[in-house]
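Letters A, B, ... mirror the listed sequences (proteins, then strands); counts begin at 1.
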Amino acid sequence: MKRKKILQLLLAENPIKDVLVKGWVRTRRDSKDFSFLEVNDGSCLKNLQVVVDSSLDNYSEITKLSTGSAIVINGDLIPSKGAGQKWEVLARNIEIVGLAPESYPLQKKRHTDEFLRTIAHLRPRTNKYGAVFRIRSELSYAIHKFFRDRGFKYIHSPIITGSDCEGAGELFKVTTLSLENPPKKEGKVDYSQDFFGSLANLTVSGQLAAEMLALALGDVYTFGPTFRAENSHTSRHVAEFWMVEPEMAFCDLEGNMDLAEDIIKHLTAYIVDECTDDLELFAKFVDKDLMSTLDLVASSVPVRLPYTNALEILKKSGKKFEYDIDFGKDLQTEHERYLVEHHFKKPVIIFNYPKNIKPFYMRLNDDDRTVAAMDVLMPKVGEIIGGSQREERLGVLEKRIHDLSLPKEEYWWYLDSRRYGSVEHSGFGLGFERLLMLMTGINNIRDVIPFPRTPNNIEY
RNA sequence: UCCCCAGUAGCUCAGUUGGCAGAGCAAGUGGCUGUUAACCACUGGGUCCGCGGUUCGAGUCCGUGCUGGGGAGCCA
């Protein structure tokens with residue numbers, strides 16, 4: 001007999017004779033002549049109620065089944081006599097596969113997120129984290145579907161990279177050299193003797209590679225892990241996270257913002273439609289405003305605001321900010337929050353930032369002081385997308401590299417793309433975990449990743 | 001890296017002026033009931049984060065370290 005998932009059974013329209021179910025006991029409630037088992041198999045949030053009559057051979061063992069135990073059930077799917085559920089399974093036979101002794105740390109009550117982080121290997125078995133990781137899966141699928149439906153090609157950029165081309169933060173070194181006694185040359189570590197023959201790092205962004213592929217395949221995207229060795233201690237930063245990076249040839253900043261708006265709206269609507277039960281849990285226990293936030297994100301048109309206009313609004317606000325607002329200074333979290341949560345009360349895209357606070361590859365505007373950059377700011381989670389139109393003019397790009405004292409030799413291949421058939425192109429990076437935070441209302445990034453990587457913590 | 005807060009039972013927390021270590025939940029045992037985070041009774045359970053100091057006496061006061069959380073910066 002083929003095993004049935006609980007998701008399928010609960011959607012049944014008629015009773016089914018002879019079903020095989022496998023899962024874990026969430027709770028047990030005993031009566032005089034029978035027991036109720038709540039069984040979950042991870043296929044959905046809801047549990048299956050299993051009724052066990054005392055006439056079963058191993059009934060005495062079943063009445064000792066504790067939370068977390070794994071069982072295999074044979075029985076019939078019948079309409080429930082109780083009020084809480086439509087269907088239940090009347091068990092004919094129950095095989096106890098793996099007992100969970102009383103030391104099982106998950107109790108039939110709510111735990112704090114802080115405690116559950118200390119048992120990250122078990123927390124997926126809770127309702128909340130089961131829901132998080134199901135939505136994580138659905139959202140991954142929705143991203144691929146979104147791009148595929150629009151003719152984008154999925155590309156794989158390298159995880160190990162040769163240099164700090166991206167300039168997006170501190171890097172993790174990748175080496176096979178002895179750390180105790182590395183080979184040295186003129187007092188410095190001699191990376192020419194290392195595995196790759198030079199210094200190697202974990203990627204901080206797939207962008208530069210994506211640009212090369214976009215300039216061949218047209219519209220491409222990456223969706224993979226990225227690494228930042230920043231010593232960040234916030235609820236929005238981790239050392240290892242996943243990023244979605246579309247890159248489009250023949251596309252300017254306008255088109256880039258169009259895609260950013262489109263993808264956020266599309267993915268939000270998808271999750272609202274497809275993950276109803278799981279979202280309900282978050283709306284009930286995590287963030288009471290979740291559904292209205294998601295409605296806002298899915299339905300409203302984000303404000304598109306040039307950086308200089310943002311400065312004016314902030315200056316006119318009369319609000320005292322901790323950080324100064326002057327041209328050439330980056331907007332701080334307090335400024336972004338003011339714009340999104342108080343002034344506009346909806347998503348905001350800020351564009352045309354000063355060139356001095358943005359990387360070399362962003363396209364210089366005609367004013368010579370701003371670049372065609374854009375950040376998408378969301379309620380609650382803040383910056384979720386950062387992108388730009390890329391500098392496609394060889395001379396301008398070379399000058400930027402020179403002005404910033406970057407090692408031009410290392411960019412020979414990148415500059416080649418501007419040397420041969422260069423076209424305007426644009427792209428952005430979308431923080432996958434930050435998107436998940438937006439979708440679930442969860443306010444700590446460590447809680448949307450199964451095993452989060454943060455400074456001083458590499459357990460699991 | 002900087003600022004702030006916390007650390008007491010498996011979990012969440014209380015602990016008065018420095019004077020015998022507590023509650024709820026969980027767990028164990030028994031009972032009751034087509035039950036719904038079931039219910040009732042009983043029982044067991046402590047390195048009060050570590051180290052040092054003040055004191056007749058420290059969970060409580062002081063110093064220091066560690067861990068966790070919140071915020072800032074960096075960014076996605």
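- Set against B/U12, B/U36, B/G73, the side chain of A/Ser232 has B/G73 as its closest nucleotide.
- Backbone-only contact: A/Thr27 has heavy atoms under 4.0 Å from sugar-phosphate atoms and none from a base.
- Proximity note for A/Gln332 (side chain, C-beta onward) versus B/C74, B/G69, B/G71: the nearest is B/C74.
- The A/Ser31 side chain lies nearest to B/U33 when the options are B/G73, B/U67, B/U33.
- No more than 12 heavy atoms of other residues, nucleotides or ligands sit less than 6.0 Å from atom NZ of A/Lys153.
- For A/Arg110 and B/A26, the CZ to P distance is 16 Å, given to the nearest whole Å.
- Residue contacts shown for A/Glu336 are absent, as no nucleic acid heavy atom lies under 4.0 Å away.
- In terms of polar N and O atoms assigned as donor or acceptor, the side chain of A/Arg29 never comes within less than 3.5 Å of the base of B/C39 in a complementary pairing.
- Among the heavy atoms of the strands, none lies under 4.0 Å from A/Arg28.
- Looking at the side chain of A/Gln107, the nearest of the listed nucleotides B/A72, B/U33, B/C25 is B/C25.
- Remark: the A/His237 side chain and the B/C75 base include a donor-acceptor N/O pair separated by less than 3.5 Å.
- As judged by a 4.0 angstrom heavy-atom cut-off over every strand, A/Phe241 is placed among the base-contacting residues.
- Distance from the side chain of A/Val51 is smallest to B/G34 among B/G34, B/U33, B/U12.
- For A/Lys86, the NZ atom sits in a packed shell: over 12 heavy atoms of surrounding residues, nucleotides or ligands are nearer than 6.0 Å.
- Heavy atoms of A/Ser80 sit under 4.0 angstrom from at least one base atom.
- Closest contact between the side chain of A/Phe34 and the listed nucleotides B/U1, B/G34, B/G73 involves B/G34.
- Each of B/G34, B/U1, B/C75 was ranked by its minimum atom distance to the side chain of A/His233; first place goes to B/U1.
- A distance cut-off of 5.5 Å between ring centres, combined with a plane angle under 30°, leaves A/Phe36 outside any stacking arrangement with the base of B/G34.
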